[in-house]
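The structure under discussion is supplied below as structure tokens; questions concerning it will follow.
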Amino acid sequence: MSESDRPRHFIQQIIDEDNRTGKWGAWPDGRPRVHTRFPPEPNGYLHIGHAKSILLNYGLAEEFGGRFNLRFDDTNPTREDQEYVDSIIRDVRWLGARWPGMRDDDPSAGVLYASDYFQQMFEWAVELIRKGRAFVCDQTAAEIREFRGTLTAPGRPSPWRDRPIEENLDLFDRMRRGEFPDGSRTLRARIDMASPNLNLRDPVMYRIVHAAHHRQGDRWCVYPMYDWAHGLEDSIEGITHSICTLEFEIHRPLYDWFIHAINEGRTADGSGPWGRRIHHPQQIEFARLSLNYTVMSKRKLLLLVKRGLVRGWDDPRMPTLSGLRRRGCPPEALRELCARAGVAKFKGTTEIQLLEHCVRDHLNRVAPRAMAVLRPVRVVIENWAEHGPADRVDWLDAVNNPEDPAAGSRKVPFCGELFIEQEDFAEVPPPKFWRLFPGNEVRLRYAYLIRCTGVEKDASGNIVTLRCTYDPATRGGDAPDGRKVKSTLHWVSVRHAIRSEVRLYEHLFNTPDPEAADDDAPEPLGATAADADAARAEAWLARLNPNSLTTIADAQVEPMLAEAPIGAVVQFERLGYFCVDPDSEAPAGQSTGGRRLVFNRTVSLKDSWGRQQAKA
RNA sequence: UGGGGAUUAGUGUAACGGUAGCACGACUGACUCUGGAUCAGUUAGUCUAGGUUCAAAUCCUAGAUCCCCAGCCA
């Protein structure tokens, strides 16, 4: 579906209307101004849920000829780290977003940081103190909590609420200069301790934190809270549409209150004591992406990493962008997924099948085909020597991508000994089994028709070798006499095959909603309340799929793959899409053999035979 | 219990007083040198109860259910 005939979601409709009324003015080129941003906190790795936000924000800027900022919301030095900054920039770039000042030779060029606005925010805070809209509070965290009241009971004013302005000014300045220990005082907005919206009960604007900031060093020891900082960051950057997720809906009145409080007494032309009015962005909330068969919270993903339940943030089973990238998921598929999942205020769960469909759909068009045998069984062509030298190699033409004629073709070697897939043979075929069985004829893809004549087993009855004859007249795969076969198998020449490791992935969890409350599980007997809480909180861990990773050490792949670069994506015919994992050795140029190759299965092909079998 | 949101096939999303549509999934069948892809078809829905209207998913009233908010996190 093209972008233009997709239904317009509610945010696009809001922007259409804004543009119609000229609400945000125009860029120098005359186009109505649309300016969005993605504002991550650098305290973890990005996941597929963030991709929706990035793509939504970037997509709107692109669609309307506007701008998109990547801005770190780095207001809490105790949780943030440069490592996360770097990974986030890498992921946002990988998704294809572009921002002003972006450069290829410097990944961080043009990236913005909330911490660069700390001085401006501080000055505005001083202004609110002067206007009687903010005060320094000496209550402890526990007292603030107690005085805040509850969902149903109003709060009580802090005893410091009516401190004289001059005293507030002095104290706030000394807070900044580092005279007071962490937690001893805060700067709070003076709003309404009886508001039914808890966020308006004199929220904290600044807390004292003597900690080095990853960019500001020791310059600051007071740090702004999210609610105070976030709207101001958007205002400073001239963001028109501050798009965020649903849980911030109830913060919007506060976000608006702060801007209004700053603009109180300010004028459009800057005349008067307070100067020019500041820009007031519109916050719009949408439902974040959630997918079944996985978890999305940073806390839970971190726990999986910490406990070693996955190999790291970029484990291909993780819903992180780095994990998806390593898994071989193309960014195009993520874009398509987000476009299809839509943008709305309903908090639904998208089925992971939609992601898999988007991945297959894209890879089907672009992935070169190759042949690989995951669980090999040896086939001996009994009559191979009757038609030429026993050790000859027959190089056959194979199409690289039937969906893309421009992809051309390649040569694959065929010999008297081959590997085929164990599950492509049955000594006694079940109903509707069209593959190889004694007496049956099948086609080897791009090669010959072969007929099974016998089976060799070892002492314990395991099949060791399949004996077959080939029909030399069927070279390329078609019989001159027009006879048809029901099945085509993939194969690899024993002599040319490259032994490789293949990692098969399934859903991380074996239940669609791992985070669901577990009503059936009995409370652990004799446990304390805290233990029971912990047990409940981690019940989702028990739903991890023990089969989410299957490692095959001795798959056999066709020789063409010897030089495949890290990250290369291929379709193993009849099996699925695979990519070369970074655990592989780098391609060695001329070398043949000896290179350690590891493939990740990105996603299997749809398998109607497998499904039929599973049901039976 | 206060406040803020949400509710349309299994899932997600359109329809903005005028034919409830699309996609994914599932199921049939056709075709096929990938049991893939493709093509054709089937399946299945407006949270409930009233009301307004020629006409209601849409407007009104009442209710139900679910989510979010009581960090010096974001």
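By convention in this document, chain letters (A, B, ...) are assigned in the order of the sequence lines, proteins followed by strands, and residues within each chain are numbered from 1. In what follows, every heavy atom counts, from backbone to side chain, and hydrogens, waters and symmetry copies are set aside.
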Under-4.0 Å side-chain N/O to phosphate OP1/OP2 contact, A/Arg148 with B/G71: yes
A/Ser195 side-chain N/O to B/G3 phosphate OP1/OP2 under 4.0 Å: no
A/Tyr577 and A/Gln571: side chain donor to acceptor below 3.5 Å: yes
Any strand: nucleotide that pairs with B/C31 via Watson-Crick or wobble, under 3.5 Å: none
Under-3.5 Å donor-acceptor pair between A/Gln13 side chain and B/C16 base: yes
Per-nucleotide protein contact string for nucleotides 34-40 of chain B (B base, S sugar-phosphate only, - none; heavy atom under 4.0 Å): BBBS---
Separation between the C1' atoms of B/A64 and B/A23, rounded to whole Å: 30 Å
Sugar-phosphate only, base, or nothing, as touched by A/Gln139 at under 4.0 Å among non-hydrogen atoms: base
N/O (side chain, A/Arg611) to phosphate O (OP1/OP2, B/C27) under 4.0 Å: yes
Ring geometry between A/Phe122 and A/Tyr206 (parallel below 30°, tilted from 30 to 60°, perpendicular above 60°): perpendicular
Touch class at under 4.0 angstrom, heavy-atom based, for A/Ile144 against every strand present: base
Atom CZ of A/Arg176 with >12 non-hydrogen neighbours under 6.0 angstrom: yes
Pairwise P distance for B/A44 and B/G51, with rounding to whole Å: 30 Å
